[in-house]
Undergrad: 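Have a look at the structure that comes next, please.
Sequence lines set the chain letters: A, B, ... in the order given, protein chains first and strands last, and positions in each chain run from 1.
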There are 2 protein chains.
Amino acid sequence: MTRELTPKGSATRQRIIDGAAAEIREHGVAATTLDDVRRRTGTSKSQLFHYFPGGREELLLAVARYEADRVLSDQQPQLSGLTSWPAWEEWRDVLIQRYRRQAWDCPLDALISQLGPSTPGARAVVTELLNRWQGDIAAGVRAMQGQGEIDPRLDAEHAAAALLAGIQGGIVIRLSTGRFTHLEAALDVGIQHLRASRDRHPVDH
Amino acid sequence: MTRELTPKGSATRQRIIDGAAAEIREHGVAATTLDDVRRRTGTSKSQLFHYFPGGREELLLAVARYEADRVLSDQQPQLSGLTSWPAWEEWRDVLIQRYRRQAWDCPLDALISQLGPSTPGARAVVTELLNRWQGDIAAGVRAMQGQGEIDPRLDAEHAAAALLAGIQGGIVIRLSTGRFTHLEAALDVGIQHLRASRDRHPVDH
DNA sequence: TTTCGACTGGACTTGCCGGTCCAAATTTAT
DNA sequence: ATAAATTTGGACCGGCAAGTCCAGTCGAAA
């Protein structure tokens, strides 16, 4: 399974992934052909299949993994340090900045609807991304609970799930309509929900 | 532009749209070929291009419009009558039911990432869908504000945008991971945010 | 320096799929 | 009834893009 790659080889392999990812970000998954990648990265057909014997599908999966990592690392170090309200706000801003820049296609969205049903591999990549993402948010919630800044009765995973859903939806809407007000609104409401939990009268009808 | 269609003709046209929509729901946009639609609907190539001179793209756009209408009409009458807390809960349940059933691909998501960048038409369809959707939610918020059930200082459009983002994200996550807990969480938190607004101390630091 | 395996180049094959075309059937209008 | 228009059938075309193949080159170890 794990092939032995010389430094030169793995450099080429990485160059292919980088180029494919860029190509996809610019033109979308569907419009990206192997020849496009080949042209952009200055490689030949045989190299593509040498490094990705599974062909297009395997390359796409590698790109998905690469992009999934980027999604989280682009939010660091903020995402891992949600231990004060200013930190939460800073994270919010970083997120909005990131998706304000990324005007086009969310590679992962596209990849899912492209490979989604057919390959379980793509699903696994996305699922793991979301799990880690939600886990980091939930950790932040618990940290704040530890400081008495958030109502301890609040279910951290549940709140994190809702916030994550809002983020995803905000991004999707951003991609379809071009407006990112929804992403901002979702983050604002989500964070305010946490913030206000302390001040809320225990209703629980 | 508007062609004259005999009843028979428009029946065939509709049959094609229905069939294409079903095919797409089952196998995704990318995997659906004109021959698949042809086979499923018992039509011939020439009919497809007779009724959709713009070819595949025009057909896909028609399907998008059809599905967009379905999205909203599937939420009626609940979506238009968000005038009491039980009504909100009922709407919530209807939504969850709908997407619990729709296991596969959200045609609109897929269509956007497929036609998205290329055709402004597809964007327009999605944008209008989201606008109407958000408008209905915001109308419900205002109705509740009129009854004193929601803090009148709360921005109805902002809250509706956040809720809509949560819904979209919940659906996306549902499609990628198969789990619909996020959709539930987003709706719960979004509605609770409205509900609790009355009880919240005016912080506004 | 020779040799072996990893790496590269690019021509070629293959199948698919969107789109065209024209002739036949059927319906509508007069 | 008959002409005109709409609807239908399906063979055919052309291009594109994934994947194959083999002939080479390069680099490191013996």
Side-chain angles (χ1 to χ4, degrees), chain A residues 1-21 23-24 26-64 110-111 114-115 118-119 121-122, chain B residues 1-21 23-24 26-64 110-111 114-115 118-119 121-122:
Chain A
M1 192 70 204
T2 46
R3 316 177 55 77
E4 316 219 357
L5 289 189
T6 66
K8 188 177 179 185
S10 65
T12 302
R13 191 188 136 98
Q14 191 56 46
R15 187 157 44 93
I16 293 174
I17 294 180
D18 290 347
E23 197 72 24
I24 288 174
E26 288 174 23
H27 308 299
V29 180
T32 298
T33 75
L34 293 187
D35 277 323
D36 292 332
V37 175
R38 208 180 50 60
R39 211 169 300 125
R40 181 177 199 126
T41 59
T43 50
S44 69
K45 260 305 178 49
S46 73
Q47 297 179 51
L48 258 49
F49 283 85
H50 179 69
Y51 293 110
F52 304 95
R56 180 185 156 91
E57 188 171 313
E58 186 177 342
L59 172 57
L60 255 40
L61 198 59
V63 171
L111 282 168
Q114 189 91 9
L115 306 171
S118 49
T119 75
Chain B
M1 192 68 205
T2 47
R3 315 180 55 78
E4 318 219 355
L5 289 189
T6 66
K8 189 177 179 185
S10 66
T12 301
R13 191 188 135 97
Q14 190 57 46
R15 186 156 44 93
I16 293 173
I17 294 180
D18 290 347
E23 196 72 23
I24 288 173
E26 289 174 23
H27 307 300
V29 180
T32 297
T33 75
L34 293 188
D35 277 324
D36 292 332
V37 176
R38 211 179 50 60
R39 209 170 302 125
R40 181 177 198 126
T41 59
T43 50
S44 68
K45 257 316 179 36
S46 74
Q47 295 178 34
L48 257 49
F49 284 86
H50 179 69
Y51 294 108
F52 304 94
R56 179 186 155 91
E57 188 171 314
E58 186 177 342
L59 172 58
L60 254 41
L61 199 59
V63 171
L111 282 167
Q114 189 90 11
L115 307 170
S118 50
T119 75

Undergrad: Between the protein and nucleotides 15-21 of chain C, which nitrogen or oxygen pairs are less than 3.5 angstrom apart?
TA:
| residue | atom | partner | partner atom | Å |
| --- | --- | --- | --- | --- |
| C/dG18 | OP1 | B/Arg56 | NH1 | 3.3 |
| C/dG18 | OP2 | B/Leu34 | N | 2.9 |
| C/dG18 | N7 | B/Lys45 | NZ | 3.4 |
| C/dG19 | OP2 | B/Arg56 | N | 2.9 |
| C/dG19 | N7 | B/Lys45 | NZ | 3.1 |
| C/dG19 | O6 | B/Lys45 | NZ | 2.8 |

Undergrad: Give me the atom names and distance for the closest heavy-atom approach of A/Leu61 to A/Ala122.
TA: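 Answer, listing the atom of A/Leu61 first, then A/Ala122: CD1-N, 3.5 Å.
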Undergrad: Do B/Leu34 and B/Phe49 make a side-chain contact, defined as non-hydrogen atoms from C-beta onward lying under 4.5 Å apart?
TA: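 Yes, at least one pair of side-chain atoms sits under 4.5 Å.
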Undergrad: Please determine if a side-chain N or O atom of A/Tyr51 lies less than 4.0 Å away from the OP1 or OP2 oxygen of C/dT8.
TA: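 For A/Tyr51, the contact criterion (side-chain N or O under 4.0 Å from OP1 or OP2 of C/dT8) is met.
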Undergrad: Of the non-hydrogen atoms in A/Val37 and A/Thr32, which two are nearest, and what is the gap between them?
TA: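 Shortest heavy-atom separation between A/Val37 and A/Thr32 comes out as CG2-CG2, 4.0 Å.
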Undergrad: What is the distance, rounded to the nearest whole Å, between atom CG of A/Leu48 and atom C1' of D/dA18?
TA: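 One finds 11 Å between C1' of D/dA18 and CG of A/Leu48, rounded.
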Undergrad: With side-chain contact (heavy atoms from CB on, under 4.5 Å) as the test, would you mind laying out the steps for A/Thr43 and A/Tyr51 before giving the verdict?
TA: CA-CA 11 Å; A/Thr43 50; A/Tyr51 293 110; over 6 Å; no
Undergrad: Would you check if B/Thr33 and B/Asp36 make a side-chain contact, meaning some heavy-atom pair closer than 4.5 Å?
TA: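 B/Thr33 vs B/Asp36: side chains touch.
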Undergrad: Please list, chain by chain and in numerical order, all residues satisfying salt bridge (charged side-chain N to carboxylate O under 4.0 Å, His left out) with A/Asp18, sequence neighbours excluded.
TA: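 Applying salt bridge (charged side-chain N to carboxylate O under 4.0 Å, His left out) to A/Asp18 gives none.
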Undergrad: Report, one pair per line, the protein and nucleotides 24-29 of chain C atoms (nitrogen or oxygen only) whose separation is under 3.5 Å.
TA:
none

Undergrad: Is A/Gln47 close enough to C/dT8 that one of its side-chain N or O atoms is under 4.0 Å from OP1 or OP2 there?
TA: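 Looking at the OP1 and OP2 atoms of C/dT8, one of them is under 4.0 Å from a side-chain N or O of A/Gln47.
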Undergrad: In whole angstrom, what separates A/Arg39's CZ from C/dG9's P?
TA: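 From A/Arg39 CZ to C/dG9 P: 15 Å.
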Undergrad: Tell me: NE2 of B/His50 to C1' of C/dA23, nearest whole Å?
TA: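 Whole-Å distance recorded here is 15 Å.
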Undergrad: Flag the pair A/Asp35 / A/Lys45 as yes when at least one side-chain heavy-atom distance between them is below 4.5 Å, and no otherwise.
TA: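 Yes. Closest side-chain heavy atoms under 4.5 Å.
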Undergrad: So, is A/Thr12 near the phosphate of C/dC7, with a side-chain N or O under 4.0 Å from OP1 or OP2?
TA: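 A/Thr12 to C/dC7 OP1/OP2: no side-chain N or O under 4.0 Å.
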Undergrad: If you round to the nearest 0.5 Å, how far is CG of A/Leu48 from CD of A/Glu58?
TA: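 Rounded to the nearest 0.5 Å, the CD-CG separation comes out at 10.5 Å.
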Undergrad: Between A/Arg38 (CZ) and C/dA11 (C1'), how many Å, whole number?
TA: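 Whole-Å distance recorded here is 11 Å.
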Undergrad: Please report the interatomic distance OG1(A/Thr41) to CD(A/Gln47), rounded to the nearest 0.5 Å.
TA: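 Spacing of OG1 (A/Thr41) from CD (A/Gln47) equals 7.5 Å.
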Undergrad: Once you round it to whole Å, what is the distance between P of D/dT7 and CD of B/Gln14?
TA: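 Between P of D/dT7 and CD of B/Gln14: 15 Å.
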